[in-house]
Amino acid sequence: MKDSSAIEDVVDKDRVLTSLKYTRLLNALEEHGYLIKEFQGGTNPVILDVEYDSDRDTRNAAPWGDDSALHTLVDQVCDREGITRDLLDEVDNEYDFNEVKDKVNSEVGRFVLRPYADPSKYRFTKETYSLVRAKAEKKADSDE
């Protein structure tokens, strides 16, 4: 653990503001000994159809890398929205999940296809619990 009396000494606030889903912050806190990663997420990503209806649609998700499932999602969104299925002709790579997702969402005008993966899971180290407790007690004392 990096020798510090405050978490703020370890974390670059500008990086926190620009990080995606706080991944960099969590990784920095882990690197400096404040957190322990218990589970590495992102291992089984999927694309979700967030407007899926079991009475109407065939699939609710496409596992990353399953091109057939992705194209089924695209077809059902296009049918549901009344737009042409030819929109895949306008992407550079119809097997690139991000490019296809972005094109569909752009054509529809909202986020109907979204990526999802299990998140990483972290817990405080024993030292961090002590630091947080001390900071909370100090804050409570100053508020009195």
Could you report the tightest heavy-atom contact between P115 and I47, atom names first, then the distance? CA-CD1, 4.0 Å
I need the full list of ring-ring contact (aromatic ring centres under 6.0 Å, His included) pairs touching residues 38-63, with sequence neighbours left out, sorted by first then second residue. none
Start with the C-alpha distance between R59 and D49, add both sets of side-chain angles, then the distance that settles salt bridge (charged side-chain N to carboxylate O under 4.0 Å, His left out), and finish with yes or no. CA-CA 8 Å; R59 298 190 69 96; D49 178 352; over 6 Å; no
Pairing residues for R123 by the salt bridge (Lys or Arg N to Asp or Glu O under 4.0 Å) criterion, not counting sequence neighbours: E38
Can you name the residues that form a side chain to side chain contact (heavy atoms under 4.5 Å, CB included) with D86, not counting sequence neighbours? T84, D89
Salt bridge or not for R110 and E81, using N-O below 4.0 Å? yes
By side chain to side chain contact (heavy atoms under 4.5 Å, CB included), D92 pairs with (sequence neighbours left out) E99
I need the minimum non-hydrogen distance between P45 and G42, along with the two atoms involved. CD-O, 3.6 Å
Do you know the tightest heavy-atom contact between L70 and A62? N-CB, 3.5 Å
Parallel, tilted or perpendicular: which fits the ring planes of F97 and W64, with parallel below 30° and perpendicular above 60°? tilted
Rounded to the nearest 0.5 Å, what separation is found between the CG atom of L87 and the CD atom of E94? 10.5 Å
Contacts of F111 meeting side chain to side chain contact (heavy atoms under 4.5 Å, CB included) (sequence neighbours excluded), chain-then-number -> N105, R114
Just wondering, are more than 12 heavy atoms of other shown residues or ligands nearer than 6.0 Å to NZ in K37? yes
Suppose we screen for side chain to side chain contact (heavy atoms under 4.5 Å, CB included). Which residues come up paired with K138, at least two apart in sequence or across chains? none
